[in-house]
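Report on the structure given below.
Every heavy atom of this structure was used, including side-chain atoms; hydrogens, water molecules and symmetry mates were not. What you see is a predicted model, and the numbers here were worked out from it, not measured in a lab. Protein chains get the first letters and strands the later ones, always in sequence-line order, with residue 1 at the start of each.
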There are 4 protein chains.
Amino acid sequence: MEFNQEKPIYLQIVDWMSDKILSGIWSSDERIPSVRDVAMLLQVNPNTAMRAYDHLQNENIIYNKRGIGYFVEPEGQAKIMEHEKRRFLMEILPDIFTRMELLGISADDLNEEYKKHKTQ
Amino acid sequence: MEFNQEKPIYLQIVDWMSDKILSGIWSSDERIPSVRDVAMLLQVNPNTAMRAYDHLQNENIIYNKRGIGYFVEPEGQAKIMEHEKRRFLMEILPDIFTRMELLGISADDLNEEYKKHKTQ
Amino acid sequence: MEFNQEKPIYLQIVDWMSDKILSGIWSSDERIPSVRDVAMLLQVNPNTAMRAYDHLQNENIIYNKRGIGYFVEPEGQAKIMEHEKRRFLMEILPDIFTRMELLGISADDLNEEYKKHKTQ
Amino acid sequence: MEFNQEKPIYLQIVDWMSDKILSGIWSSDERIPSVRDVAMLLQVNPNTAMRAYDHLQNENIIYNKRGIGYFVEPEGQAKIMEHEKRRFLMEILPDIFTRMELLGISADDLNEEYKKHKTQ
DNA sequence: GTGGTCTAGACCACC
DNA sequence: GTGGTCTAGACCACA
């Protein structure tokens, strides 16, 4: 996995894990890979991986059984979905639209780009 | 002005200034407000404002006349426009689309949001 | 049985067993449930239950007859009682009192809470 | 400062800082000592001190101004007070009372101990 | 100067 | 085996 320079690695791991849960690869009450395994897989220090787990636990998306490992919270997927959806609609999209106007990109252009994206 | 927690303040100032130029409020070869004025207006440390000016100068969007002030490069607006447009289409949009799919947001939803945004 | 997140499970089992002995449910020289039974009852790993038994044996509160099971030491109840009483008065109460002062809880409040507790 | 063996150091630092705020030594919107200073003062690694700050920021008890330092949230003191008070009354006291009964300590004994504590 | 992130490596408690 | 904490030391971005 390649990491972006601008964003902390542990947050990129959070995103990566969120995607796993969101897409159902890791499902409710299922045990997810151990901190060490993720660290090895992504080639980062275990502490860094641990921070991602910490973060997700604080947001009640995963939980821990001591000595056993981490598990996806029953409502974890829904929680991420809702959270991300709201953020997308309320924060990201308005920015995008404002930017489109400044750059002279129309709704039609947008739709066309979307079609392109889908056929790729 | 309120600053986002995650993005460096000086980059948010860069964005704010870019908007001014892009929208024509600050036009070619026009003198823009002094570093100190911007710092006061936005309530930030002058060093922080200075960094924004530095950044824009490095990208050849503004230039400096010593002892007088900063000015918009003749092609500043076009430069931003082109640069931003490419970045928007190549980097930002694809991300947005991928995310939409993950969150179950359709093209129709997108268009509807756009209409909402325009009527606001 | 529900376990507290912060305290090791085996110590919570120790507390639970101590209560049994202290309240006389398990009395002197009486055979107590097997490690396996406790593990099943409390839904924990047998190793974890075993650790609790170990701990109590080290404190001479229970003893083991090989092949037969664990028993309460003749003076087990008294031993716990004395040990706990000293700890309670010397270590726990002072802490509680200091905290009460910081939180603005008076002796009267304390007594009232105690009455509430007893009537429950 | 001496640290307890059983509790993580960073949580003991959290307690120590909470006390400072609760007792008004650090008040609303006041800048608190830098992470490094606390680390030096308490003779711990800066990372460990940092964890305490992180924790308190997550609980909205302190906030950060980038490049400047950490400050006490306007409602920080009240927040700790309320949180701790509830925890004390709902979680800690009932335990204490149950234990008192098992140990044969009466309300009168309790009051007497409290008097002793106050005269010390 | 401030905080923030990351690595490397260690040690420990717990299951 | 699991996670959790801690240290030491480095580097960086930000104000």
Side-chain angles (χ1 to χ4, degrees), chain A residues 3-14 31-39 42-55 57 62-71, chain B residues 3 5-13 39 42-52 54-55, chain C residues 3 5-13 39 42-52 54-55, chain D residues 3-14 31-39 42-55 57 62-71:
Chain A
F3 293 106
N4 188 335
Q5 262 286 357
E6 24 185 304
K7 203 171 174 179
I9 291 177
Y10 82 94
L11 285 180
Q12 296 183 57
I13 298 177
V14 164
R31 182 169 175 276
I32 64 179
S34 76
V35 175
R36 300 196 212 306
D37 284 352
V38 165
L42 304 184
Q43 313 238 51
V44 297
N45 186 293
N47 286 325
T48 306
M50 187 58 175
R51 263 188 105 160
Y53 281 70
D54 238 43
H55 189 91
Q57 189 172 33
I62 62 178
Y63 65 93
N64 174 261
K65 284 192 198 171
R66 284 180 299 182
I68 302 178
Y70 279 94
F71 297 75
Chain B
F3 294 104
Q5 268 287 356
E6 8 182 323
K7 202 170 175 180
I9 291 176
Y10 85 96
L11 284 181
Q12 296 183 56
I13 297 176
L42 304 184
Q43 314 236 49
V44 297
N45 188 305
N47 289 325
T48 307
M50 188 60 201
R51 269 187 99 155
D54 253 27
H55 189 90
Chain C
F3 294 105
Q5 270 286 357
E6 7 181 325
K7 201 169 175 179
I9 291 176
Y10 83 96
L11 284 181
Q12 296 184 57
I13 298 177
L42 304 184
Q43 312 236 49
V44 298
N45 188 304
N47 289 324
T48 306
M50 190 59 203
R51 269 187 98 157
D54 253 28
H55 188 91
Chain D
F3 293 107
N4 188 334
Q5 262 286 356
E6 26 186 303
K7 205 171 172 179
I9 291 178
Y10 83 94
L11 285 181
Q12 297 183 56
I13 298 177
V14 165
R31 183 170 174 275
I32 65 180
S34 77
V35 175
R36 297 196 212 309
D37 285 353
V38 165
L42 304 184
Q43 313 239 52
V44 298
N45 187 292
N47 285 325
T48 305
M50 187 59 173
R51 264 189 103 160
Y53 281 69
D54 238 42
H55 189 91
Q57 188 172 35
I62 61 177
Y63 65 93
N64 175 260
K65 284 191 198 171
R66 281 181 299 182
I68 302 178
Y70 279 94
F71 298 73

- Message: Parallel, tilted or perpendicular: which one describes the rings of D:F71 and D:Y63, with boundaries at 30° and 60°?
- Response: parallel
- Item | Gap between atoms CD and C1', on D:E6 and E:dC12 respectively (whole Å) | 15 Å
- For the side chain of B:P8, starting at C-beta, report the closest nucleotide among E:dC6, F:dC14, F:dG4. F:dC14
Nucleotide N/O of nucleotides 8-12 of chain F paired with protein N/O under 3.5 Å:
from, atom 1, to, atom 2, distance (Å)
F:dA8, N7, D:N45, ND2, 2.8
F:dA8, N6, D:N47, ND2, 2.7
F:dG9, O6, D:N47, ND2, 2.9

- Task: Verify, without hydrogens or angle tests, whether D:R31 (side chain) and D:I68 (backbone) share a donor-acceptor contact under 3.5 angstrom.
- Result: yes
- Item | Nearest atoms (heavy-atom pairs only) where A:N64 meets A:G69 | ND2-O, 3.4 Å
- Item | Heavy-atom pair with the smallest gap, counting every atom of D:P33 and D:Y53 | O-OH, 2.6 Å
- Task: Nearest whole angstrom, please: distance from the C1' of E:dT2 to the CD1 of D:I32.
- Result: 13 Å
- Task: Please identify each residue that fulfils ring pair (Phe, Tyr, Trp, His ring centres under 6.0 Å) with A:F3, with sequence neighbours left out.
- Result: none
- Which heavy atom of A:Q12 sits nearest a heavy atom of A:K7, and at what distance? NE2-O, 2.6 Å
- Is the phosphate of F:dG4, meaning OP1 or OP2, less than 4.0 Å from a side-chain N or O of A:Y70? yes
- Query: Just how far, in rounded Å, is C1' of E:dC6 from NZ of A:K7?
  - Reply: 17 Å
- Query: In whole angstroms, how far is the P atom of F:dC6 from the CD atom of D:Q43?
  - Reply: 15 Å
- Round to the nearest Å and state the distance from A:Y10 atom OH to E:dG3 atom P. 16 Å
- Separation of E:dT2 P from D:F71 CZ (nearest whole Å): 12 Å
- Contact summary for C:A49 and C:I13, nearest pair of heavy atoms: CA-CD1, 4.2 Å
- Pairwise 5' ranking along DNA chain E for D:R31 and C:I9, keeping only the more 5' one: D:R31
- Message: Side-chain N or O of B:T48 versus OP1/OP2 of F:dC14: is the shortest distance under 4.0 Å?
- Response: no
- Please name the pair of heavy atoms, one in A:Y10 and one in A:T48, separated by the smallest distance, quoted to 0.1 Å. CB-O, 3.6 Å
- Item | Strand DNA chain F in bracket notation, Watson-Crick/G-U under 3.5 Å with | for pairs to another chain | ||||||||||||||.
- May I ask you to verify if any side-chain N or O of C:R51 is less than 4.0 angstrom from the OP1 or OP2 atom of E:dC14? yes
- Message: Output the rounded distance in Å from CD1 (B:I13) to C1' (F:dC14).
- Response: 12 Å
- Query: Which heavy-atom pair separates A:P46 from A:A39 by the least distance, and what is that distance?
  - Reply: CA-CB, 3.7 Å
- Message: In this structure, how many angstroms lie between the P atom of F:dA13 and the CD atom of B:Q12, rounded?
- Response: 17 Å
